[in-house]
Amino acid sequence: MALNEVAATAHRFGGTVNDVVLAAVTGALLEILDARGERLHRLVMSIPVSGRRTTTVSDLGNNTGVRPLAVPAITDDPARLTAIVTANTAARGSSTRASSARPLGLAFRLLHRFGLFRLFIDHQRLVHSFETNLRGPGTALHLAGHRIDALMPLVATPGNIGVTFAVLSYAGTLTVNTIADPDILPEQDTLTRALHATFTRLAHTRP
């Protein structure tokens with residue numbers, strides 16, 4: 001999608017580009033589940049957040065955590081986006097921003113030490129899907145004198161998660177890549193089409 005269209009939608013609803021991405025992703029997932037005859041009250045998305053508010057020359061490095069965001073299973077696009085903006089705005093203002101970074105990191109290291117990490121990941125019931133968003137360069141890069149026209153984000157889909165959404169903005173374009181486990185989500189092509197259709201609807205919607 002054109003990044004400026006997604007940003008314009010975010011501004012109309014008082015949110016961020018990632019809020020719009022979450023609204024599109026969950027809308028597409030709800031369509032897939034509805035076609036299967038599956039009904040949920042909410043979708044829990046895992047989104048990465050930074051626990052570092054400032055950096056200094058002597059204090060660099062990543063400090064990240066994950067925030068599970070429960071998105072109500074609202075099929076109406078504007079209402080779902082409004083709910084996401086409200087929830088994320090409240091979470092971003094919390095003093096416990098990215099609080100999972102240290103405790104979850106410790107818990108995962110302990111699970112790994114005792115050989116239980118894989119078992120936990122394969123049977124977890126905490127989240128339905130992952131969405132990760134990276135802001136890339138606003139202008140096109142060049143390599144050896146050649147313009148790089150597009151960049152594609154790729155991530156792993158861990159454990160029993162059926163699909164992960166990798167998001168990257170680059171040179172005015174927002175790309176969402178769906179990485180799916182075909183045994184869990186054989187409808188990947190349908191999901192991708194639904195995702196694009198949801199983005200298109202959101203681009204023309206108003207609060």
Side-chain angles (χ1 to χ4, degrees), residues 1-3 5-6 9 16-49 64-81 83-84 87-88 100 104 108 111-112 116-134 136 150-170 173-203 205:
M1 293 291 293
L3 180 60
E5 291 184 4
V6 180
T9 301
T16 66
V17 166
N18 203 51
D19 291 334
V20 180
V21 172
L22 284 169
V25 163
T26 52
L29 285 173
L30 288 172
E31 287 190 35
I32 293 295
L33 292 172
D34 182 68
R36 290 181 174 186
E38 298 180 24
R39 303 290 186 271
L40 296 180
H41 296 295
R42 61 179 186 170
L43 281 170
V44 182
M45 302 294 298
S46 176
I47 56 177
V49 291
T64 59
V66 291
R67 177 191 299 147
L69 180 70
V71 178
I74 302 172
T75 56
D76 180 71
D77 293 323
R80 188 175 62 260
L81 177 53
I84 290 171
N88 266 336
S100 65
L104 275 185
F108 288 163
L111 286 170
H112 180 73
L116 298 174
F117 182 74
R118 183 70 187 186
L119 182 66
F120 169 77
I121 291 297
D122 286 345
H123 297 86
Q124 66 84 32
R125 292 292 184 269
L126 302 177
V127 298
H128 295 105
S129 183
F130 290 94
E131 183 264 341
T132 180
N133 192 341
L134 181 65
L151 294 177
M152 296 296 294
L154 289 174
V155 298
T157 297
N160 61 358
I161 296 296
V163 61
T164 294
F165 300 88
V167 187
L168 176 68
S169 62
Y170 173 69
T173 298
L174 186 76
T175 299
V176 182
N177 207 8
T178 61
I179 300 97
D181 181 337
D183 291 331
I184 301 176
L185 189 85
E187 312 99 326
Q188 184 175 5
D189 289 342
T190 304
L191 174 68
T192 302
R193 289 192 295 270
L195 180 59
H196 192 275
T198 308
F199 266 119
T200 301
R201 291 196 305 269
L202 286 167
T205 194

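Side chains included, hydrogens not; waters and symmetry mates left out as well; all remaining heavy atoms used.
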**Message:** Has Asn177 got a side-chain atom pairing as donor or acceptor with Pro153's backbone, closer than 3.5 angstrom?
**Reply:**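 Yes; judged by distance alone, with no hydrogens or angles, the pair exists.
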**Side-chain (Thr205) to main-chain (Arg201) donor-acceptor, under 3.5 angstrom** =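 The answer is no, because no donor-acceptor pair under 3.5 Å joins these two groups.
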**Request:** State, yes or no, whether a side-chain contact exists between Met1 and Val176 at a heavy-atom distance under 4.5 Å.
**Result:**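 SC-SC contact between Met1 and Val176 ruled out.
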**Request:** Measure the shortest side-chain to side-chain distance between Leu185 and Ile32 over non-hydrogen atoms and say whether it is less than 4.5 angstrom.
**Result:**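 A side-chain contact under 4.5 Å exists here.
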**Prompt:** When rounded to the nearest 0.5 angstrom, what distance separates CG in Leu195 from CD in Gln188?
**Reply:**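 These two atoms lie 11.0 Å from each other.
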**Prompt:** Who passes side chain to side chain contact (heavy atoms under 4.5 Å, CB included) against Leu151, sequence neighbours left out?
**Reply:**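 Per chain and number, Leu151 pairs via side chain to side chain contact (heavy atoms under 4.5 Å, CB included) with Ile148, Leu168, Tyr170.
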List the atom pairs, with distances to 0.1 Å, where a side-chain N or O of residues 155-167 and a protein N or O form a donor-acceptor pair under 3.5 Å, not counting sequence neighbours.
{"residue": "Thr157", "atom": "OG1", "partner": "Thr164", "partner atom": "OG1", "Å": "3.3"}
{"residue": "Thr157", "atom": "OG1", "partner": "Ile179", "partner atom": "O", "Å": "2.9"}
{"residue": "Asn160", "atom": "OD1", "partner": "Gln124", "partner atom": "NE2", "Å": "3.0"}
{"residue": "Asn160", "atom": "ND2", "partner": "Asp122", "partner atom": "O", "Å": "3.4"}
{"residue": "Asn160", "atom": "ND2", "partner": "Gln124", "partner atom": "O", "Å": "2.9"}

**Asked** At their closest point, which heavy atom of Leu191 faces which heavy atom of Thr178, and how far apart are they?
**Response**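 Looking at all heavy atoms of both residues, the closest pair is CD2-CG2, 4.4 Å.
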**Spatial distance of atom CG (Leu30) from atom CZ (Arg42) [nearest 0.5 Å]** =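 Rounded to the nearest 0.5 Å, the CG-CZ separation comes to 13.5 Å.
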**Prompt:** Do the non-hydrogen side-chain atoms of Arg80 and Thr198 ever get within less than 4.5 Å of each other?
**Reply:**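 Of all side-chain heavy-atom pairs linking Thr198 with Arg80, at least one is under 4.5 Å.
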**Message:** Less than 4.5 Å apart, side chain to side chain, heavy atoms only: is that true for Leu40 and Leu33?
**Reply:**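 Yes. Closest side-chain heavy atoms under 4.5 Å.
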**Asked** Roughly how far, to the nearest 0.5 Å, is CG of Leu29 from CG of Asp34?
**Response**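 The CG atom of Leu29 is 12.5 Å from CG of Asp34, to the nearest 0.5 Å.
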**Asked** For the residue pair Met45 and Thr26, what are the closest heavy atoms and their distance?
**Response**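 Closest approach of Met45 to Thr26, heavy atoms only: CG-CG2, 3.8 Å.
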**Request:** Indicate yes or no: at least one non-hydrogen side-chain atom of Asn88 is less than 4.5 angstrom from one of Arg67.
**Result:**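 In contact.
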**Request:** List the atom of Val127, the atom of Pro68, and the distance in Å for their closest heavy-atom pair.
**Result:**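 Heavy atoms of Val127 and Pro68 come nearest at CG1-CB, 4.3 Å.
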**Prompt:** Which pair of heavy atoms, one from His123 and one from Leu119, lies closest together, and at what distance?
**Reply:**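 In this case the closest contact between His123 and Leu119 is ND1-O, 2.9 Å.
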**Prompt:** Do Asn18 and Val21 come within less than 4.5 Å of each other through their side chains, counting heavy atoms only?
**Reply:**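 In contact.
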**Request:** First locate atom CD1 of Ile47, then atom OG1 of Thr132, and finally report the distance between them rounded to the nearest 0.5 Å.
**Result:**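 Between Ile47 CD1 and Thr132 OG1, I get 10.0 Å after rounding to 0.5 Å.
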**Asked** Which heavy-atom pair separates Leu126 from Val44 by the least distance, and what is that distance?
**Response**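 Of all heavy-atom pairs spanning Leu126 and Val44, the closest is O-CG1, 3.5 Å.
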**Request:** State, without any angle test, whether Asp19 and Thr16 hold a side-chain donor-acceptor pair at a distance under 3.5 Å.
**Result:**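 On atom types as modelled, these side chains qualify, holding a pair under 3.5 Å.
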**Prompt:** So, does Ser169 use its side chain to make a donor-acceptor pair with the main chain of Gly136 at under 3.5 Å?
**Reply:**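 Present.
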**Item:** Nearest non-hydrogen partners of Leu69 and Ala87, listed with the distance
**Value:**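 Between these two residues, the closest heavy atoms are CD1-CB, 3.7 Å.
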**Prompt:** Quick one: does Glu131's side chain have a donor or acceptor within less than 3.5 Å of a partner on Leu22's backbone?
**Reply:**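 No.
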